[in-house]
Amino acid sequence: MPASVVSVENVRESLPVYKRNDFDKALIIIATATFGGIDILNPQRMNAAEIAELANAQMHGLTGDEVIQRADEILRERRSREREQAIRTLSRLQEKQAKAASYKEQLARFSIDEARFYISESPYGAPEPVIDLKMTNGTAQALSQLSLRGVVMSPGRETPWVDETFYYIIAGGIEAGETQSLSLAPNRFGPWGNVQIPDSATLTISVEGARGQDDQTLWDSSDLTASEAERLARLRDQYGDTVSAAK
């Protein structure tokens with residue numbers, strides 16, 4: 001047998017029986033602590049030679065009790081790092097959620113006064129989708145680009161004909177307090193060009209984001225993704241009081 005295995009067995013045998021199980025777990029923790037991708041908080045069984053060879057350099061000269069103590073220190077350090085990372089993630093997600101709510105308030109001041117969708121005929125006889133908009137910039141900022149979400153629905157139909165987000169660059173921008181009317185030509189080869197959309201269908205346009213005259217993002221109302229919302233709820237259950245106290 002490898003000398004390291006013999007050494008480990010000798011140390012193990014020197015311990016009281018009730019400590020040997022803790023010693024075995026400690027060996028696995030020490031052996032795997034320096035290897036990425038291994039969950040040392042839930043150590044898996046390894047054979048004696050693997051454990052001894054990996055742990056030998058880390059536990060050289062330690063008694064059985066010191067091995068157990070060293071493993072406890074490793075676990076405390078790991079848990080502390082994971083807790084700090086979790087709290088940072090919680091703070092980041094809460095900040096993103098709060099910003100989205102604040103941005104929605106800003107974007108609500110930019111109003112879509114009229115929105116109409118219809119399909120006309122191009123000079124070449126092809127169907128040509130058209131979006132007519134009248135909008136007023138009620139914010140205090142001049143804007144150069146909008147992120148818009150368009151939804152086309154028919155009465156009595158649950159599934160929308162169109163539900164897409166698109167960007168519109170405003171030629172010359174739109175000043176604070178200014179009202180503009182415009183016609184957009186969405187891609188006729190996409191869902192907007194569906195000739196089955198009836199004349200009775202209605203268009204709803206919502207403003208999802210905006211850029212200023214310097215082309216920098218001013219407001220983005222994107223909510224948390226489903227996975228982010230789930231993670232936020234889980235982290236709040238675990239660390240919510242800690243983060244609130246820190247503030």
Side-chain angles (χ1 to χ4, degrees), residues 21-22 24-46 50-51 54-55 57-59 66-110 139-141 143-151 160 163-168 204-247:
N21 187 51
D22 290 340
D24 293 341
K25 292 180 179 178
L27 285 181
I28 298 174
I29 291 169
I30 292 173
T32 60
T34 58
F35 292 84
I38 297 177
D39 184 3
I40 67 171
L41 300 182
N42 297 288
Q44 304 298 313
R45 294 193 63 82
M46 303 169 67
E50 290 176 319
I51 295 171
L54 290 171
Q58 299 291 329
M59 56 173 283
E66 289 171 339
V67 168
I68 295 172
Q69 182 180 354
R70 176 58 185 145
D72 287 341
E73 291 171 356
I74 291 172
L75 288 181
R76 283 197 298 271
E77 291 169 1
R78 172 62 65 86
R79 290 191 176 105
S80 177
R81 289 195 299 270
E82 290 184 348
R83 182 176 183 276
E84 291 173 1
Q85 177 61 41
I87 291 175
R88 284 196 296 270
T89 301
L90 172 57
S91 297
R92 177 180 60 80
L93 291 175
Q94 288 185 149
E95 183 180 358
K96 181 178 179 180
Q97 189 178 59
K99 282 184 176 180
S102 174
Y103 292 164
K104 283 180 180 179
E105 291 180 5
Q106 294 288 342
L107 291 172
R109 300 174 185 175
F110 190 101
T139 75
Q141 302 281 345
L143 304 178
S144 64
Q145 182 174 324
L146 299 174
S147 173
L148 303 171
R149 180 184 177 191
V151 180
D163 186 349
E164 281 199 341
T165 299
F166 58 95
Y167 296 94
Y168 173 63
T204 301
I205 295 287
S206 57
V207 185
E208 303 287 311
R211 288 180 178 267
Q213 290 291 65
D214 56 0
D215 203 35
Q216 295 298 312
T217 299
L218 290 176
W219 309 298
D220 182 356
S221 64
S222 300
D223 290 320
L224 298 179
T225 64
S227 61
E228 286 177 329
E230 181 181 348
R231 190 174 188 189
L232 175 59
R234 186 171 62 252
L235 291 174
R236 273 178 172 162
D237 288 340
Q238 292 179 277
Y239 305 104
D241 292 341
T242 302
V243 174
S244 298
K247 293 181 179 180

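Residue numbers count from 1 along this sequence. All of these numbers come straight from a predicted model, not from anything done at the bench.
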Evaluate the side-chain contact (heavy atoms from CB on, under 4.5 Å) criterion for residues Lys25 and Ile68: first the C-alpha distance (whole Å), next the side-chain angles of each, then the deciding distance (0.1 Å), finally the verdict. CA-CA 8 Å; Lys25 292 180 179 178; Ile68 295 172; over 6 Å; no
Step-by-step side-chain contact (heavy atoms from CB on, under 4.5 Å) determination, Leu148 to Thr165: CA-CA 6 Å; Leu148 303 171; Thr165 299; over 6 Å; no
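Interatomic distance, CG of Leu146 versus OH of Tyr167, reported as 11.5 Å (0.5 Å rounding). Summarising the geometry, atom CG belonging to Leu90 is positioned 6.0 Å from atom CG belonging to Leu232; distances are rounded to the nearest 0.5 Å. Put simply, CZ on Phe166 and CD on Glu208 are 10.5 Å apart, with the number rounded to the nearest 0.5 Å. Atoms NZ and OH, on Lys96 and Tyr103 in that order, are 11.5 Å from each other to the nearest 0.5 Å. A distance of 14.5 Å separates OH of Tyr168 from OG of Ser147, quoted to the nearest 0.5 Å. Note that the CD atom of Gln141 and the CZ atom of Arg109 stand 10.5 Å from one another [nearest 0.5 Å].
Heavy-atom minimum distance, Phe110 versus Leu143: CD1-CD1, 3.6 Å. In plain terms, the two heavy atoms of Val151 and Pro160 that are nearest each other are CG1-CB, 3.9 Å. Of all heavy-atom pairs between Ser144 and Gly212, the closest is OG-O, 2.5 Å.
Not counting sequence neighbours, the partners of Gln69 by the side chain to side chain contact (heavy atoms under 4.5 Å, CB included) test are Glu73. Residues that satisfy the side chain to side chain donor-acceptor pair (under 3.5 Å) test with Glu164, not counting sequence neighbours, are Trp192.
Side-chain atoms of Ser80 never come within 3.5 Å of backbone atoms of Arg76 as a donor-acceptor pair (strictly under, hydrogens ignored). Under the 3.5 Å distance criterion, the side-chain polar atoms of Ser102 are left unmatched by any main-chain donor or acceptor of Ala98.
Tested against Leu93, the residues Glu228, Arg236, Arg88 include a single side chain to side chain contact (heavy atoms under 4.5 Å, CB included) partner, Glu228.
Between Arg70 and Glu66, none of the side-chain N atoms (NZ, or NE/NH1/NH2) sits under 4.0 Å from a carboxylate O, so this pair counts as no salt bridge.
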